[in-house]
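Notes follow the structure.
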Amino acid sequence: MNTVHVPASTPYDVEIGPGLLSGLGDKVKALCPKANRYLVVTDDAVGPLWLRKATTPLSAAGLTFVPYTLPHGEASKTAENLMKILNFAAGERFTRSDVFLALGGGMVGDLTGLAAATYMRGVGYIQLPTTLLAAVDSSVGGKTAVDLPAGKNLMGAFWQPRLVLCDTDVLATLPRADFISGCAEIIKTAVLFDPALFDLLEAAGPDFDREAVIAACVGHKRDVVAEDERDTGRRALLNLGHTLGHAVEAYSGFSLTHGQAVAIGMATVCRAAAKRGFCAPQVPERVDAILEKFGLPIRTDAPFDALMERMLSDKKRSGGTIAVVVPDKIGQCSLRPMTTDEAAAFMKEGL
Ligand code: GLY
């Protein structure tokens, strides 16, 4: 097992390894001694596979839980479902000392986290990520949110979990497309911070050592969150590929996975960066090649104007500027503030 300690405003551990769900009961009992009951939020894709596996150890440790199941998919990450969870918790008379568990991918984690952040002005929650994307990114760092009709993650809060328990056995049941989607965030982490990880992924392809690579990615995310928990500076580096990626994802009507969209965004930015002389031409060559090795797309045929309309309405924009994440070399990137016109022109060069 790997443990990564996150020294956020409320510190916690991220534990990564096989079979960890079986120790969940004793773990949460020790961590949350005042909790009387646990609200276990999951979705109808994950629940049938993993709910019993997660809750049997709770019962075995003498703990009481109530499950709450959402329809799977990003379409469930809504304010309506947030209200349903809050009303359910209130109806079940959950108290401030009780704890929410998020058993699922990013949708379940973000939504449960926001419910925990707001229920009675904040209760504890624990992330049990079941997708690679949630394991390496969304379950760590305390960003919680729901989507609004105007865009993704527009309603949310920073609320750190008490524990992230990543049972790598769970990833074995992940559909291939979801696994590859998570790989895009891993490749992003390598491009941002870790040339050795990039080399390793380049050589191994999707057959990399799950536990070691997840732990490496969580370690990098921990470093960023420790320095910039509230996302006012360096944390924006994690948006590599996301500025255009979110636009591509929205344009596709979410028929592309998040990882596919981020891959297109990352490849585009790397090609544009090399054309501008911000990095060597080998950077986009290697990034395109590694993404293709993982079966991820590197180009879009979406119309430029449609993408720009979506990109410029993204919440990552601040006033008239966008901080575009641009590679200097593999393992090192910079934030380059651009006006919206400059950002559009920059992206056009990479598309
Ligand atoms: N997923 C980006 C962040 O946590 O800041």
Side-chain angles (χ1 to χ4, degrees), residues 132-133 136-137 152 175-195 197-208 213 217 237-311 314 316 322 324-334 336 338 343-351:
L132 189 58
L133 196 147
V136 297
D137 187 31
K152 268 171 76 95
R176 186 72 179 169
D178 291 343
F179 177 76
I180 294 298
S181 177
C183 290
E185 295 285 353
I186 290 175
I187 295 167
K188 178 200 82 174
T189 303
V191 175
L192 280 169
F193 307 117
D194 199 332
L197 177 61
F198 193 95
D199 292 346
L200 182 154
L201 296 169
E202 217 168 31
D207 292 328
F208 56 82
V213 167
C217 292
L237 283 172
L238 300 177
N239 294 330
L240 173 63
H242 286 62
T243 306
L244 186 72
H246 278 167
V248 172
E249 192 178 8
Y251 180 80
S252 80
F254 295 91
S255 63
L256 288 178
T257 64
H258 180 69
Q260 287 174 320
V262 167
I264 291 167
M266 187 161 46
T268 303
V269 161
C270 291
R271 289 190 295 263
K275 281 191 183 163
R276 291 280 176 98
F278 296 153
C279 66
Q282 288 76 22
V283 171
E285 283 166 20
R286 289 184 74 193
V287 169
D288 280 357
I290 198 171
L291 292 171
E292 290 196 309
K293 181 163 187 164
F294 277 77
L296 286 158
I298 57 170
R299 292 188 187 275
T300 175
D301 52 15
F304 177 73
D305 289 347
L307 291 180
M308 289 309 106
E309 191 189 317
R310 286 165 178 80
M311 189 179 92
D314 195 89
K316 295 181 193 353
I322 301 179
V324 180
V325 189
V326 175
D328 308 323
K329 56 185 179 182
I330 298 293
Q332 184 183 305
C333 294
S334 301
R336 289 184 182 262
M338 298 184 193
F346 179 76
M347 294 300 172
K348 195 169 193 173
E349 287 183 45
L351 277 166

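We use all heavy atoms of the structure for the numbers below, so side chains are in, but hydrogens, waters and symmetry mates are not.
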Could you give all pairs that pass the salt bridge (charged side-chain N to carboxylate O under 4.0 Å, His left out) test and reach residues 254-269, with sequence neighbours left out?
none
Strictly by salt bridge (charged side-chain N to carboxylate O under 4.0 Å, His left out), give each pair with a member in residues 251-273 just once, sequence neighbours left out.
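Sorted pair list: R271-D288.
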Using the rule given for side chain to side chain contact (heavy atoms under 4.5 Å, CB included), can you reason through V213 versus L200, listing the C-alpha separation, both sets of side-chain angles and the distance that settles it, and then say yes or no?
CA-CA 9 Å; V213 167; L200 182 154; 4.0 Å; yes
List the steps and the verdict of side chain to side chain contact (heavy atoms under 4.5 Å, CB included) for K188 and L238.
CA-CA 8 Å; K188 178 200 82 174; L238 300 177; 3.9 Å; yes
Taking only residues two or more places apart in sequence, or in another chain, which ones meet F179 in a ring-ring contact (aromatic ring centres under 6.0 Å, His included)?
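F208.
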Side-chain contact test, heavy atoms from C-beta onward, threshold under 4.5 Å: evaluate it for [X] versus [Y] and give yes or no.
X    : Y    : answer
L256 : I264 : yes
H258 : E249 : yes
D199 : R286 : yes
L132 : S181 : no

Kindly compute the distance separating [atom1] ([X]) from [atom2] ([Y]), expressed to the nearest 0.5 Å.
X    : Y    : atom1 : atom2 : value
I186 : L197 : CD1   : CG    : 7.5 Å
S334 : L237 : OG    : CG    : 7.5 Å
M266 : I290 : CE    : CD1   : 8.5 Å
T268 : F346 : OG1   : CZ    : 9.5 Å
L244 : N239 : CG    : CG    : 12.5 Å
C217 : D194 : SG    : CG    : 8.0 Å

Taking Q332 for the side chain and K329 for the main chain, is one N or O donor matched with an acceptor at less than 3.5 Å?
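Looks like no, no N/O pair under 3.5 Å.
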Dump the intermediate steps for side chain to side chain contact (heavy atoms under 4.5 Å, CB included) on H242 and E185, then the final yes or no.
CA-CA 10 Å; H242 286 62; E185 295 285 353; 3.0 Å; yes
Take V325 and L192 through the test side chain to side chain contact (heavy atoms under 4.5 Å, CB included) and record every step on the way to the result.
CA-CA 9 Å; V325 189; L192 280 169; 4.0 Å; yes
For [X] against [Y], the heavy-atom pair lying closest together:
X    : Y    : answer
F198 : V191 : CE1-CG2, 3.7 Å
P327 : V269 : CD-CG1, 3.9 Å
P303 : Y251 : CD-OH, 3.2 Å
A267 : L291 : CB-CD1, 3.9 Å
G331 : P195 : CA-CD, 3.8 Å
I330 : A190 : CG2-O, 4.4 Å

Can you name the residues that form a side-chain contact (heavy atoms from CB on, under 4.5 Å) with P175, not counting sequence neighbours?
D178
Anything under 3.5 Å between a donor and an acceptor, one on a side chain of residues 272-279, the other on a protein residue two or more places apart or in another chain? List them.
residue, atom, partner, partner atom, Å
K275, NZ, E349, O, 2.8
R276, NE, E349, OE1, 3.4
R276, NE, E349, OE2, 2.8
R276, NH2, E349, OE2, 2.8

What pairs of residues pass the side-chain hydrogen bond (donor to acceptor under 3.5 Å, both in side chains) test when at least one of them lies in residues 293-306, not counting sequence neighbours?
none
